Amino acid sequence: MSEEVKSIGIDSTPRLMVGSRLHPTENLLLVPEGALQLSGPAKDILAMVDGKRTVSVIVDELLAQYAGAERHEIQQDVLALLGRMQQRGVIRG
Amino acid sequence: MEMTPTEYSLTRPSSLIAEVTHRCPLHCLYCSNPIELKRSDNELATEDWVRVFKQAAELGVLHLHLTGGEPLARPDLAQLIASGRAAGLYVNMITSGIGLTEKRLAELVEAGLEHIQLSFQDVEEASANHIAGTRAHAHKLALIPIIRKFPIALTLNLVIHRQNIDRLESFIQMAEQFAPERLEIAHVQYYGWALKNRELLMPTQDQVERSVVIVEAAKERLKGRIKLESVFPDYFGSYPKACVGGWGRQILLIDPIGQALPCHAAAVIPEMRFDTVRERSLAWIWRESAAFNRFRGDAWMSETCKTCPRKERDFGGCRCQAFQLTGDANAIDSVCTLSPDHTLMAQLRTKISEPLPIWRG
C-alpha cells in the first residue's frame, strides 16, 4: 500500500497543495487548519511555485532578483526549502 | 510561597469559529454542541456576520471556520464566504454535506471557499446512519468525487468511539482512495450532547491502545500525501490537553445568536456572561470581556497548577471538563494525575455498559 513520495529535483514543476496560499501581507503560508511561518526568501520562492515553472526556472529568476548570489547556493537553498515543505505535505512534486 | 499571578501577554486570536446556525440535519450521538440549541429566529443576519469577519481580520484572525449546525442551512452562505474572503480570511466550511449539490458547491467555491471538512460517522453504512440518527452515509460518499472536481482542500473526518473504533483501519483505507489533503481522526470529547451518551461511546483501554497504533502507522505511511491529525481521548491520558490552545489565547467562537465564547462548551460554566457581537466589537470582546479574561493567566489556578511548569504548555487544561467532573470550574482538570479527583477517570473509563443511545429530538 505504501507509496513513496517522489523527491523534488531541478526539473520538477512543484506546486502548492490545493487549498493553500500565501498570506497577502504577512510572511505566512496559509494551509487548511494552520499557517507556516516563512523566513528569509521563502515567500519569494513560494510565490513562484505554480506547477508551471521548473525548479531551474525558479532559480534563474531568483538569480536575476538577488544580484551577486551563486547559482549553486541558490539552487541548494531552493531544493532544501521545497524538500522540507514537501515533507510537510504542503508542496507536491 | 509567593502567590502573585504571573503576567501574561495578550495573544492574537488565529481562528474564528462561526456557528452560523444550530439547525442540523444530523443528530449525532457524539454531538459536542450544547444541549440547548439556539433557535433559528434569533440568528445573526448576514450584515452582522460581514461586520464580524471584517473585525476578526483586523484583530489578526487568519482562519474562518464556518460551522454549525449545518452551515448549508443558511441561504446566504455564499455571501458569508465571499465576505470572509474579502476581509482577508482563509475560509473553511465544516459540513455534513446534506444539502450540498455540485451546483451549490460551484457557487461556494466561486465565492471563495478554500477548504471543506466532511464528517463521517463510520465506514459501515448501517452503523454510520445509526450514529448520525439520519440516513446520510451514502450521500456523503457520493459527494466526495464531486468535491474532488473543485480546486479546494478536502479534510475527511471521523469521530471515533466504542461503537465504530474497531473499523478504524477500514475507514482510513476508504478515505485514502480519495486522496484528501487531510484526514482527521478524533476520539469523542465528552461535551454538550455527547456527555449524555458517554457510557455508550466510551472505548475500552484495549481499543484506545489499538487505535493509537493504527493512527501512528497511518501517519507514517501517508506522510507527504495526506496529513493525518488525531485527537487523543483525554480520559485515558495522564495530563490535561491544552484545551482550545488555552482559554482566550487562540480562538474566538461566535454562536448563532452572536454570543462570543472562548470555546463551544463554555456556557456550562456557571456565572459566565457572554457579550454579543450585536453590542460589542470583537476587539473589545477579545481584550476586555469578562468571559475571555476569566481563565487567562494563572490567577485563577490552584497552587498545584500555579507552581507546575506544565502550565506553560497546557494552560491549566480544560475548564469545562473540570467543572463537569468536579463541580468546580477552578479545579485541576481531573485528567491530570495531580488532581485529587483523578481516580474518577478510571471509574469513568471502566464504567462500560450498553445503555440505549440518546439522539436529539
Side-chain angles (χ1 to χ4, degrees), chain A residues 1-39 42-43 45-55 58 77-93, chain B residues 12 14-15 17 57-58 60-65 85-94 109 112-118 147-157 169 172-173 176-177 179-184 186 217-229 231 245 250-251:
Chain A
M1 201 79 193
S2 189
E3 185 185 304
E4 277 302 307
V5 175
K6 217 175 111 217
S7 65
I8 294 172
I10 54 162
D11 298 323
S12 312
T13 49
R15 58 174 178 83
L16 291 175
M17 176 184 81
V18 148
S20 65
R21 65 176 160 96
L22 292 167
H23 190 280
T25 52
E26 297 183 55
N27 266 331
L28 293 171
L29 178 68
L30 297 171
V31 298
E33 299 291 319
L36 299 182
Q37 184 75 54
L38 304 173
S39 58
K43 195 172 183 182
I45 297 170
L46 294 181
M48 289 190 269
V49 169
D50 57 5
K52 294 182 192 112
R53 290 175 169 95
T54 60
V55 171
I58 293 173
D77 288 353
V78 170
L79 286 173
L81 173 75
L82 296 179
R84 282 198 308 275
M85 293 285 190
Q86 189 186 28
Q87 279 289 309
R88 307 189 73 147
V90 297
I91 292 268
R92 306 294 163 105
Chain B
R12 85 179 206 186
S14 54
S15 298
I17 300 173
E58 285 162 6
V61 168
L62 300 172
H63 287 257
L64 166 61
H65 303 281
R85 277 305 292 274
L89 302 171
Y90 181 101
V91 183
N92 172 31
M93 170 172 77
I94 299 159
V109 174
L113 182 66
E114 300 179 275
H115 174 209
I116 191 166
Q117 273 196 46
L118 186 65
I147 297 172
R148 295 279 64 183
K149 293 183 187 174
F150 294 89
I152 56 171
L154 170 66
T155 291
L156 296 180
N157 86 40
E169 222 158 3
I172 296 173
Q173 277 167 17
E176 221 178 308
Q177 59 177 319
E181 279 64 39
R182 291 177 73 255
L183 202 49
E184 244 182 53
K219 270 184 192 169
E220 198 47 42
R221 189 163 49 83
L222 301 174
K223 206 169 176 185
R225 291 188 289 140
I226 301 173
K227 188 165 171 57
L228 197 166
E229 289 189 73
V231 175
Q250 291 182 6
I251 73 147

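Worth knowing before you read on, the calculation uses all heavy atoms, side chains too, and leaves out hydrogens, waters and symmetry mates. In what follows, every chain begins at residue 1, and chains take the letters A, B, ... in the order their sequences are listed. These figures come from a predicted structure and were not determined experimentally.
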Undergrad: For B/N92 and A/E33, which heavy atoms make the closest approach, and how far apart are they?
TA: ND2-OE2, 3.2 Å
Undergrad: Can you tell which of B/E229, B/K227, B/E220, B/E181 has the highest number of heavy-atom pairs within less than 4.5 Å of chain A?
TA: B/E181
Undergrad: Measuring heavy-atom distances to chain B, does A/L28 have an atom under 4.5 Å in its side chain, in its backbone, in both, or in neither?
TA: side chain
Undergrad: Tell me, side chain or backbone of B/L64 under 4.5 Å from chain A's heavy atoms, or both, or neither?
TA: neither
Undergrad: Identify which of A/G34, A/G93, A/A35 forms the greatest number of heavy-atom pairs closer than 4.5 Å to chain B.
TA: A/G34
Undergrad: Which answer fits A/P24, side chain, backbone, both or neither, if we ask what part of it has an atom under 4.5 Å from a heavy atom of chain B?
TA: neither
Undergrad: What do you reckon, is CZ of A/R53 surrounded by more than 12 foreign heavy atoms closer than 6.0 Å?
TA: yes
Undergrad: Indicate yes or no for a side-chain donor-acceptor contact from B/R225 to the backbone of A/R92 under 3.5 Å, with no hydrogens or angles considered.
TA: no
Undergrad: Please report the shortest heavy-atom distance between B/Y90 and A/L30, naming the atom on each side.
TA: CD1-CB, 3.8 Å
Undergrad: Side chain, backbone, both or neither: which part of B/Q117 has an atom under 4.5 Å from a heavy atom of chain A?
TA: side chain
Undergrad: Side chain, backbone, both or neither: which part of A/Q86 has a heavy atom under 4.5 Å from chain B?
TA: backbone
Undergrad: On a heavy-atom basis, which atom in A/V18 and which in B/P151 lie closest, and how many Å separate them?
TA: CG1-C, 3.8 Å
Undergrad: Using a strict cut-off of less than 4.0 Å between a Lys/Arg side-chain nitrogen and an Asp/Glu carboxylate oxygen, indicate whether A/R21 and B/E114 qualify as a salt bridge.
TA: yes
Undergrad: Of the backbone (N, CA, C, O) and the side chain (C-beta and beyond), which part of A/V90 lies under 4.5 Å from a heavy atom of chain B, both, or neither?
TA: neither
Undergrad: If you look at every heavy atom in A/E26 and B/L62, which pair is closest and at what distance?
TA: OE2-CD2, 4.3 Å
